[in-house]
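I have placed the structure first, in the form of structure tokens, so that the comments after it can refer back to it.
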2 protein chains.
Amino acid sequence: MTISVLLVEDDIDLAATVVDYLEIEGISCDHAANGVQGLSLIDNNDYHVILLDINLPRLDGLSVCQKVRASSDDTPILMLTARDSLKDKVAGFDAGTDDYLVKPFEIEELLVRIIALSKRRSGQATSLNVGNLALQLKARTATYAGESLKLTPITFKLLEKLMREATKPVTRNKLMLAVWGEDQPDSNSLKVHIHHLRKQLDKVNANLSIDTEAGFGFVLRKKSP
Amino acid sequence: MTISVLLVEDDIDLAATVVDYLEIEGISCDHAANGVQGLSLIDNNDYHVILLDINLPRLDGLSVCQKVRASSDDTPILMLTARDSLKDKVAGFDAGTDDYLVKPFEIEELLVRIIALSKRRSGQATSLNVGNLALQLKARTATYAGESLKLTPITFKLLEKLMREATKPVTRNKLMLAVWGEDQPDSNSLKVHIHHLRKQLDKVNANLSIDTEAGFGFVLRKKSP
DNA sequence: CAATTTCTTAACCTTCACTTAACCCCTGCT
DNA sequence: AGCAGGGGTTAAGTGAAGGTTAAGAAATTG
């Protein structure tokens, strides 16, 4: 699977260098030139890793980091900074940073750390389990206590996302991204597929349900009643 | 909570220095002088972070790391090494390492990274607590002594703000900003939502109340009467 | 290229959260 | 007393969000 990262960096030359290098290495790379723009991209996409410069116009890197964490987003964040003092590092980690790199850095080193951070999150499990529900990623099959569910490509992706985040609500936006990427249908497709998924869970009498968090999104969790 | 780490390092002098320093900083630190001994300590304890030298007698650091990961143990591992080549770093990350430090390192830097790694693991439970009231930010749930409150998107944001500032009064203005941002309703919405929140706290017999500071705003604090 | 599965769209209905406004109470001020 | 204003309570209305269904377009499959 291809890694996608966001680079938030106001030095246009440096940014161009990094973006070009990463694209060549097969990593899809968006770029924001200031903190506010960065935040908005983060809200509307699902990056694997975020690269944050500390000195940014409009909103500095630490603040961006804090805001991201405050919105319960745990995407790995790598800080880029010219400063090398321990104080800054401590402040970074306090803000919720996962790693940092001191400028000037070797670009290969950046690559190594991006790959390491992206691995940390995706964990290469071949099967996801929530309660008695099991999803075989390679075989693209799902079973509940032995009985198999009938999943189409889209409902499979939907269920995968819900299971990865199980017990936590997933926003509509994130679900749409997980299923369709950038190129999303402009109708009520999502709720139709959610409906199909629920029917499948009913059919096997699963002890799990897809609850809706009004105004937010959906959660996969154990049935409450 | 006190952090406990394991240092696997064959250089006895270096090990002693590190152990002493960490103990002074309030971090409990075990020591193993070779890979085999290290593995056995890891199996029989629950460390928050593992510090692994790469060059070790009996079993090298990378192999130790691989074995730990193979047994589904995801304790954060920090590699210590004299080498600085990118190849080694890649190999380290492939083996399941979380972070990397090149010798000679400043011991304060080690401390920073240990704290960061230990946070990463426990940091999952992003939850706010005031008295017996707990707010799980990721799960978007709130419970008082086990019983759960029913929160809408707006009342959730309200409670979050009040809990973040708990025991300090929050002005109306700050609450409005926290909930609606710039685009605020022009009526008495806020007091209606405060009312809903109070009802939820009543329902679970919370020992907390939202007191009003006349002409100012509201405070979440322990019941006074 | 026909048959079947899968996806999107649209229409319709239901539910829910939020706003609004009316009314209440209490307190302080003239 | 009377009245003004801040806060509390309640309930109705509105609009948006969610649920359901079916039909036809699109994509797969043999």
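A, B, ... follow the sequence lines: proteins, then strands. Residue 1 opens every chain. Treat the numbers as computed from the prediction; the structure is a model and nothing was measured.
Under 4.0 angstrom from either OP1 or OP2 of D/dG7 there lies no side-chain N or O belonging to B/Thr212. For B/Lys199 and D/dT9, the shortest distance from a side-chain N or O to OP1 or OP2 is not below 4.0 Å. Dashed line: the shortest gap from a side-chain N or O of A/His195 to OP1 or OP2 of D/dG19 is not under 4.0 Å. Between B/Arg172 and the phosphate of D/dG7, there is a side-chain N or O to OP1/OP2 separation shorter than 4.0 Å. OP1 or OP2 of C/dT8 sits under 4.0 Å from a side-chain N or O of A/Trp180. Listed pair B/His196 / C/dC18 fails the phosphate criterion, with no side-chain N or O lying under 4.0 Å from OP1 or OP2.
Closest approach of A/Leu133 to A/Leu159, counting heavy atoms only: CD2-CD1, 4.1 Å.
Listed candidates were C/dT19, D/dG19, C/dT8. Nearest to the side chain of A/Phe218 is D/dG19. For A/Ala214, counting side-chain heavy atoms from C-beta on, the closest listed nucleotide (C/dC16, C/dT20, C/dC7) is C/dC16. Side-chain atoms of A/Asn188 lie closest to C/dA10 of the nucleotides D/dG7, C/dA10, C/dA21. Considering only the side chain of A/Lys150, C/dT6 comes nearest among C/dC18, C/dT6, C/dT9. The side chain of A/Thr152 approaches C/dC7 more closely than any other nucleotide in the set C/dT9, C/dC7, D/dT9.
With no hydrogens or angles considered, no side-chain donor-acceptor pair links A/Asp99 and A/Thr97 at under 3.5 Å.
Side-chain N or O atoms of A/Asn45 include none that pairs as donor or acceptor with a backbone N or O of A/Tyr47 at under 3.5 Å.
Across all strands shown, B/Ile194 has no heavy atoms under 4.0 Å from either base or sugar-phosphate atoms. Heavy atoms of A/Phe156 sit nowhere under 4.0 angstrom from any nucleic acid atom.
With B/Phe156 as the aromatic partner, B/Arg140 meets the cation-pi criteria of under 6.0 angstrom to the ring centre and within 45 degrees of the ring axis.
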